[in-house]
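Structure record follows, encoded as structure tokens.
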Amino acid sequence: ETAHQSSPNWILEMAIQLHKTIQAFRALRRTLPHGQSVGFVPTMGALHDGHLSLVLEARKHNDIVVASIYVNPTQFGPNEDLDKYPRQLESDTKLLEQLGVDHIFCPADMYNEHHRCFIDPVGFDDLREG
């Protein structure tokens, strides 16, 4: 472990911008130059080659690249262990920065206590992905 990795201020040393709330991300959107394209790569972190290829494609085709890192609790069933899903914001952030991502949207939570709308599409349970 290097001094940089163990420093609690690692985030201050990065050129990439992290937006930790919905409000901060909305504020960012209002400041982006009109007419520039934005590529958005949604992730739950624990980045792998699939994520990285999406980031590279977004970088090729857009003026600004935003990645999200959000471990979505609604994607875990009652017997799945949300708490064990890997969270490695520092290493994921460094990797995204190396690939040219401009901004990371990494909210602690997306759902407030009054959240009532969930979409559960019917008929997709038997389809294979990939």
Practice task
For Gln98 and Leu95, indicate whether the former's side chain and the latter's backbone hold a donor-acceptor pair under 3.5 Å.
Solution key: no
Exercise for the section: For Asp83, enumerate each residue passing the salt bridge (Lys or Arg N to Asp or Glu O under 4.0 Å) test, keeping only those at least two apart in sequence or located in another chain. Expected result: none
Practice task
Flag yes if more than 12 heavy atoms outside Arg87 fall under 6.0 Å of its CZ atom; otherwise flag no.
Solution key: yes
Handout entry: Connected via hydrophobic side-chain network under 4.5 Å: Leu52 and Leu89
Key = yes
Problem - Heavy atoms from other residues, nucleotides or ligands near CG of Asp81 exceed 12 (cutoff 6.0 Å) - result: yes
Practice task
Say whether, by atom type as modelled, one donor and one acceptor occur between the side chain of His61 and the main chain of Ala58 under 3.5 angstrom.
Solution key: no
Problem - Those residues that, when tested against Ser37, pass side chain to side chain contact (heavy atoms under 4.5 Å, CB included) (two or more places apart) - result: Asn62, Asp63
Practice task
Treat each ILVMFWY residue as a node, draw an edge where side-chain heavy atoms are under 4.5 Å apart, and state whether Val66 and Met110 are in one component.
Solution key: yes
Practice task
Could you list the residues that satisfy salt bridge (Lys or Arg N to Asp or Glu O under 4.0 Å) with Asp102, not counting sequence neighbours?
Solution key: Arg59
Completion exercise
Paired with Leu96, the side chain to side chain contact (heavy atoms under 4.5 Å, CB included) test is passed by just one of Thr43, Leu18, Ile104, namely Ile104
Handout entry: From Asp109 atom CG to Lys20 atom NZ, the distance as rounded to the nearest 0.5 Å
Key = 14.5 Å
Exercise for the section: Look at the side-chain heavy atoms of Ile, Leu, Val, Met, Phe, Trp and Tyr, link any pair under 4.5 Å apart, and say whether Val71 and Ile69 land in one connected group. Expected result: no
Exercise for the section: Kindly write out the residues that satisfy side chain to side chain contact (heavy atoms under 4.5 Å, CB included) with Asn72, not counting sequence neighbours, or none if the list is empty. Expected result: Met44, Tyr70, Thr74, Gln75, Tyr111
Fill in the blank from the handout: Sequence neighbours excluded, the answer for side chain to side chain donor-acceptor pair (under 3.5 Å) partners of Lys60 is Glu57
Problem - Side-chain touch Ser91/Gln88, heavy atoms, less than 4.5 angstrom - result: yes
Problem - Parallel, tilted or perpendicular: ring planes of His103 versus His19, cut at 30 and 60 degrees - result: tilted
Problem - Ile16 and its side chain to side chain contact (heavy atoms under 4.5 Å, CB included) partner, picked from Leu99, Val65, Val101 - result: Val101
Problem - For Ser68, all residues meeting side chain to side chain contact (heavy atoms under 4.5 Å, CB included), sequence neighbours excluded - result: Phe40, Pro42, Phe105
